[in-house]
Every structure is written in C-alpha cells, then in structure tokens.
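Worksheet: the structure to be examined is printed underneath.
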Protein chains: 2
Amino acid sequence: MDKKELLLNAALKLFVNHGFHGTATSKIAQEAGVANGTLFQYFKTKDDLVIDLYIHIKEDLAEYVSKNTDHQADIKEAIKTQILSSLYWALDNPTHFQFIQQVHTSPYIGKIDQTILNKQVEPHLTLIQKGIKQKVLKQLPADLLYTLITHQVFGLYQFITSKNLSKKKQHETIQTTFDLLWDMLS
Amino acid sequence: MDKKELLLNAALKLFVNHGFHGTATSKIAQEAGVANGTLFQYFKTKDDLVIDLYIHIKEDLAEYVSKNTDHQADIKEAIKTQILSSLYWALDNPTHFQFIQQVHTSPYIGKIDQTILNKQVEPHLTLIQKGIKQKVLKQLPADLLYTLITHQVFGLYQFITSKNLSKKKQHETIQTTFDLLWDMLS
DNA sequence: ATTATGATTGACTAATCAGTCACAAAGGTA
DNA sequence: TACCTTTGTGACTGATTAGTCAATCATAAT
C-alpha cells in the first residue's frame with residue numbers, strides 16, 4: 001500500500017475530527033502506521049500536507065463530476081448533473097467534503113495557488129456562461145450565479161446530513177431543492 | 001477598559017488570522033495587553049474562550065437583526081429585513097462573520113450547547129413558519145427553507161467581499177440577489 | 001496607619017510540538 | 001556474493017504549548 005496515500009487518509013480523518021493545528025504530525029504518522037520521519041519525506045512541512053490534501057480531494061471531486069457530465073446534453077440537464085453529482089459525491093464522502101469546507105473558512109485558503117483554484121472552477125463557469133448566452137439562465141454575472149449555486153449545494157448538504165432521512169426522502173428533498181434552485185436561476 | 005472584552009477582541013482577531021490552535025493563549029494575552037495568567041481567570045480553558053466568543057458574537061448578531069425587524073410589517077418585508085440586516089451586519093463586521101463560519105465548519109460546533117443554538121434560530125424559524133402558513137412561501141419544511149436562506153446569505157457575502165464593488169454596485173447586487181431568492185421561496 | 005480583599009502578574013512546568021538526522025532495511029544490478 | 005540507491009525508521013532537539021501558582025498590586029474598609 002502506498003504510504004503517501006496512507007498518510008493523506010490518516011491526515012484527513014484526524015483533521016476533520018480535531019482541526020489542523022489540533023492534529024500533531026506524530027499522530028498522523030501513527031494513524032497511518034508509518035514512522036514519524038516518513039511523513040516529512042512525502043511532505044516538506046505540515047502546511048504542505050494540508051495544501052496537498054486539499055488539492056488532491058478537489059481533484060477527486062472534479063474528476064467525479066466531469067465523468068458524470070454529458071456535455072452533449074442540453075444546458076439545464078448538464079447543469080443539473082453537475083450540481084447533483086457534486087452533492088452525491090459529498091454525501092458519499094462526508095469527511096472529504098467537510099475538509100473542503102474547513103479549508104474554505106480557514107486561513108489556509110489564502111496559501112493555495114490561485115491558478116489551481118481557478119482551473120477547478122472553470123468547467124462549471126463555462127457551462128453557466130453558455131447558459132446565460134442561450135438565455136436559459138437569468139442575465140446576471142456568471143460568477144454570482146456560480147457562488148449562489150455552490151452555497152445552495154452546501155446548504156442542502158447540511159440539511160440532509162443534519163436529519164436522518166431515508167434514502168427515498170433524501171432523493172425527494174434533492175429533487176425539490178433543485179427545482180427551487182432552477183426557479184431562482186431561470 | 002474591561003479586560004474580558006479586551007481578551008475577546010484580541011482572540012477574535014488572532015483566531016481569524018491564524019486559526020484556533022494556531023493561536024497561542026500567550027499571544028492572545030499579549031495582543032490584549034494583559035498578563036498571561038489573567039486570561040485563565042476569565043476563561044477556565046482555551047476551549048471555553050472559543051465557545052464564549054462564539055456565543056457572544058451570535059448574540060450581537062441576533063440583537064442587531066431583532067432591533068431592525070418590524071414584526072408588524074407584512075411577512076415578505078419582515079423576512080427581507082431579517083436577511084438584509086444579517087448581511088449588512090456581516091459586511092460591517094467581517095471578522096466576526098468569518099469567525100462564525102470558521103466555528104460552523106470546525107469540531108467546536110459540536111461542543112456548543114444545542115439549546116443556545118436553537119434559541120438563536122427560533123425567531124427566524126417562526127417567521128418562516130408564519131410565511132408558510134399564510135401561503136406567502138412555498139409549502140416546504142421550514143428548516144429546509146431556513147438552511148437555504150442562510151447559505152444564500154453566506155454565498156452573497158462571499159461574492160461581495162471577493163470583489164471590490166462600489167457601495168452602489170454592492171447595494172444593487174444585494175437587491176437583485178434578494179429578488180432571486182424570493183423567486184425561489186415563493 | 002493597619003489590615004483585608006480581590007484582581008493582576010509573569011516566571012514556571014510538564015507536556016507536546018514540528019522537523020532533523022544518523023542509521024538500517026529493502027531492492028535492484030552485475 | 002558485493003555494491004549502490006532508494007526508502008523507511010524512531011530517537012532526538014529546541015521551541016512552544018496550555019495551564020498553574022506564589023507573589024504583588026491597588027483600593028478600600030477599619
């Protein structure tokens with residue numbers, strides 16, 4: 001088993017449960033079943049580990065969403081799949097998703113290369129821009145719509161995970177909420 | 001000047017800039033211009049300080065919103081003032097607002113007394129319930145609508161603070177976004 | 001002037017931290 | 001076998017941590 005992967009998994013688990021500085025590097029190594037010094041062979045510093053982990057997770061999410069998006073389909077369908085697959089990924093990977101949110105509201109977000117962040121947003125943004133041009137979406141700045149959509153996903157995620165809904169009720173809520181969102185956007 | 005207040009202000013500033021565990025209690029005392037040990041006379045532990053600060057800030061926000069809400073006005077107007085005054089408070093107190101968000105995505109949120117959290121949500125929730133009953137809002141669970149509204153405010157806050165909009169453009173964006181939100185809710 | 005009180009101090013401690021380093025194990029090549 | 005490179009180890013270090021505590025201070029009551 002790849003030790004770098006073991007370390008990233010251990011770090012993710014501990015960061016979400018105890019926070020960044022609340023998690024000692026020695027504890028991460030221990031959780032990964034790896035020697036103390038090995039961590040610093042794969043990551044120059046603890047901060048590097050945090051940033052690496054964040055980018056790694058965001059790539060996973062982006063890949064999952066991209067895999068599910070049919071770029072031939074009509075705009076509404078394409079946007080819907082992007083949103084829903086993001087959400088289903090979040091529900092299937094709650095720890096990963098919580099970590100992303102943790103980084104977003106922490107000082108670490110400023111330390112991450114902006115070009116990498118932009119590249120990850122791009123596919124969503126171009127789709128929205130296409131939607132605006134085709135008058136499927138309201139005539140408003142694309143990045144405003146993008147931010148609102150993103151936070152709607154955060155909100156829906158929070159709602160679903162805070163309740164204990166059955167799979168069926170869950171699916172129902174997601175559908176209704178997407179319809180609400182579409183009322184807002186179109 | 002009240003030393004407890006000095007400590008809370010210093011802690012807020014440092015927590016937002018360096019994270020919770022990234023901020024040493026000694027640094028907080030130093031920033032507050034107070035001796036090391038004094039901090040532990042006002043707060044039993046560092047965790048206590050974090051939780052105290054969070055509740056303190058949330059009370060400030062709740063008071064501000066309540067002060068601005070006209071409970072005689074019609075539902076749409078009342079809800080609108082609640083949302084807009086939350087947002088304006090956030091824009092006027094960015095550090096406070098960032099701290100709230102930081103706590104929401106951290107393990108600390110689990111350590112805060114649920115009954116206090118519920119009491120703070122209550123005035124918003126009852127207003128929404130009234131709106132649903134009067135068929136001004138869509139016939140959906142009140143707490144779902146509440147979560148979506150909250151996250152819309154987060155999203156709009158993020159959008160506005162990430163751009164450098166003029167006061168006028170800012171106000172315009174807020175108005176448009178509220179109209180969007182209302183399209184979604186009603 | 002003396003005593004009492006509670007707030008404030010900062011030196012102190014035991015524990016913990018991120019990061020280093022000298023060495024050992026593993027694996028490939030010949 | 002012998003030799004070299006890569007990878008992994010864990011004891012170690014100097015710095016920093018949360019929290020303690022005996023001592024000091026300002027104020028006021030007697």
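Convention: sequence-line order gives letters A, B, ...; per-chain numbering from 1. Values in this document were obtained by computation on a predicted structure and should not be read as measured data.
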- Is there side-chain contact between A:Q175 and A:E172, with at least one heavy-atom pair below 4.5 Å? no
- Task: Following the transitive rule for hydrophobic clusters with a side-chain heavy-atom cut-off under 4.5 Å over Ile, Leu, Val, Met, Phe, Trp and Tyr, establish whether A:Y157 and A:L84 coincide in one cluster.
- Result: yes
- Query: According to the interplanar angle, ranging from 0 to 90°, do the rings of A:F97 and A:W89 count as parallel (below 30°), tilted (30 to 60°) or perpendicular (above 60°)?
  - Reply: perpendicular
- Task: Kindly assign one of parallel, tilted or perpendicular to the pair B:F15 and B:F99, based on the angle between their ring planes and the thresholds 30° and 60°.
- Result: parallel
- Query: What one-letter contact string describes nucleotides 8-26 of chain C from 5' to 3', where B marks a base within less than 4.0 Å of any protein heavy atom, S marks contact via sugar-phosphate atoms alone, and - marks no contact?
  - Reply: BBB------SBBB------
- Message: Rounded to whole Å, please give me the gap between CD1 in B:I28 and C1' in D:dT17.
- Response: 12 Å
- Query: Does any non-hydrogen side-chain atom of A:K138 lie less than 4.5 Å from one of B:D183?
  - Reply: yes
